[in-house]
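FYI, the numbering just counts along the sequence from 1.
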Amino acid sequence: MGTGEKIMKLREVFTKPKGKIKWKRKSATKWDGVFSVDDREFRFMALIGAIDDSELHPYEDKVDKKETWNVSFHQSKVGGKRATDTGITGAGKPIEVLNKALAATKEFVKGAKPAYIYFSAKEPSRMKLYNIMVKKLTSSMGFKVLNASQGNYLLQSKRHR
């Protein structure tokens with residue numbers, strides 16, 4: 001399968017993100033939930049005001065960090081045991097994992113109505129997937145990209161001026 005075919009397949013998978021998210025907390029400052037892929041559990045977290053100026057660069061003077069949600073997800077359990085590594089695990093099914101993370105993000109956006117969303121990716125393979133996720137957030141969820149460079153993503157709600 002060529003690169004173009006892989007990208008088309010990824011876009012197809014993310015067309016209708018779905019997945020069951022078990023929310024532990026939904027508040028004005030924190031959204032915390034879990035989802036599963038096979039025997040692995042992943043934690044989705046969104047915290048408001050949990051970023052610093054360096055993460056907003058070059059928008060630190062234009063974007064209020066108190067209105068910016070830091071969104072993340074990581075593997076929290078494997079086979080019922082606590083996971084120690086939060087990076088790429090190589091355990092498989094990255095598209096399914098990211099699709100469920102996108103479903104959690106979609107629920108979060110609908111419920112919290114964030115003005116700004118920030119997230120980051122360290123690994124180049126993750127950045128490719130996140131680029132597709134950003135396109136989904138901008139095309140159907142009412143956001144515009146302020147920054148998408150070097151693995152840092154800063155999105156602004158089109159409702160927020």
Side-chain angles (χ1 to χ4, degrees), residues 7 10-37 40-76 83 86-89 93-161:
I7 290 172
L10 288 172
R11 285 190 183 130
E12 203 173 284
V13 168
F14 294 131
T15 300
K16 292 183 180 175
K18 55 189 169 202
K20 187 148 177 98
I21 311 305
K22 184 177 174 183
W23 293 105
K24 295 181 176 193
R25 182 175 180 184
K26 294 181 188 178
S27 75
T29 59
K30 180 179 183 179
W31 280 56
D32 184 5
V34 294
F35 60 88
S36 297
V37 174
R40 297 178 296 152
E41 181 183 273
F42 294 82
R43 185 173 183 192
F44 173 92
M45 180 83 68
L47 299 169
I48 196 163
I51 62 172
D52 61 41
D53 287 341
S54 68
E55 292 167 316
L56 292 178
H57 182 76
Y59 293 92
E60 62 271 18
D61 295 332
K62 298 177 182 97
V63 173
D64 185 349
K65 62 185 170 190
K66 292 176 187 165
E67 293 184 1
T68 305
W69 288 81
N70 186 355
V71 175
S72 65
F73 67 95
H74 66 274
Q75 182 172 282
S76 57
T86 59
I88 291 178
T89 63
K93 299 192 178 179
I95 293 171
E96 188 174 342
V97 170
L98 198 65
N99 198 13
K100 288 189 177 189
L102 183 56
T105 303
K106 193 173 183 179
E107 282 185 43
F108 157 71
V109 165
K110 199 179 241 185
K113 296 180 178 34
Y116 300 96
I117 296 175
Y118 169 84
F119 56 94
S120 64
K122 294 176 187 162
E123 303 87 356
S125 61
R126 216 176 252 182
M127 287 179 212
K128 288 178 186 176
L129 290 173
Y130 281 20
N131 288 337
I132 293 168
M133 191 165 108
V134 164
K135 287 179 183 169
K136 181 67 178 166
L137 287 168
T138 57
S139 67
S140 69
M141 298 171 91
F143 282 84
K144 67 178 181 178
V145 177
L146 294 181
N147 188 24
S149 64
Q150 299 174 341
N152 294 303
Y153 300 86
L154 179 61
L155 309 179
Q156 178 183 17
S157 171
K158 291 180 181 175
R159 293 183 302 259
H160 185 77
R161 301 277 179 229

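Closest approach of N152 and S120 over heavy atoms only: OD1-CB, 3.7 Å. Scanning all heavy atoms of the two residues, the minimum distance from W69 to A46 falls at CZ3-O, 3.4 Å. When all heavy atoms of S157 and P114 are compared, the closest pair comes out as CB-O, 3.4 Å.
Within the 4.5 Å cutoff, the side chain of M127 has heavy atoms near those of the Y153 side chain. A 4.5 Å side-chain heavy-atom check between T105 and F119 finds every atom pair outside the cut-off. I117 has its side chain within reach of V109: a pair of non-hydrogen atoms, C-beta onward, lies under 4.5 Å apart. No side-chain heavy atom of E55 sits less than 4.5 Å from a side-chain heavy atom of E60. Contact of the L154 side chain with the T68 side chain is registered, since non-hydrogen atoms from C-beta on lie closer than 4.5 Å. The side-chain heavy atoms of W31 and V71, taken from C-beta on, include no pair separated by under 4.5 Å.
Considering K24, R43, R25 in turn, R43 is the only one that fulfils the side-chain hydrogen bond (donor to acceptor under 3.5 Å, both in side chains) rule with D32.
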Worksheet item: Between Y59 and Q156, is a side-chain contact (heavy atoms from CB on, under 4.5 Å) present by the stated rule, with each step listed?
Response: CA-CA 11 Å; Y59 293 92; Q156 178 183 17; over 6 Å; no

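When atom types are taken as modelled, the side chain of K100 and the backbone of S36 share a donor-acceptor pair closer than 3.5 angstrom.
Distance CG/L56 to CD1/I51: 3.5 Å, rounded to 0.5 Å. For the atom pair CG of L102 and CE of M141, the computed distance is 6.5 Å after rounding to the nearest 0.5 Å. Taken from CZ in F35 to CZ in R40, the straight-line distance is 9.5 Å, to the nearest 0.5 Å. Rounding to the nearest 0.5 Å places OG of S72 at 6.5 Å from CE of M45. Between atom CD1 of residue I48 and atom CD of residue E67 there is a gap of 7.0 Å, rounded to the nearest 0.5 Å.
F73 and Y130 have tilted rings, their planes meeting at an angle from 30° to 60° on a 0 to 90° scale.
Side-chain contact of Y118 with N147: a donor-acceptor pair under 3.5 Å is absent, judged by distance alone.
Between K65 and D52, no side-chain nitrogen of the basic residue sits less than 4.0 Å from a carboxylate oxygen of the acidic one, so the salt-bridge criterion is not met.
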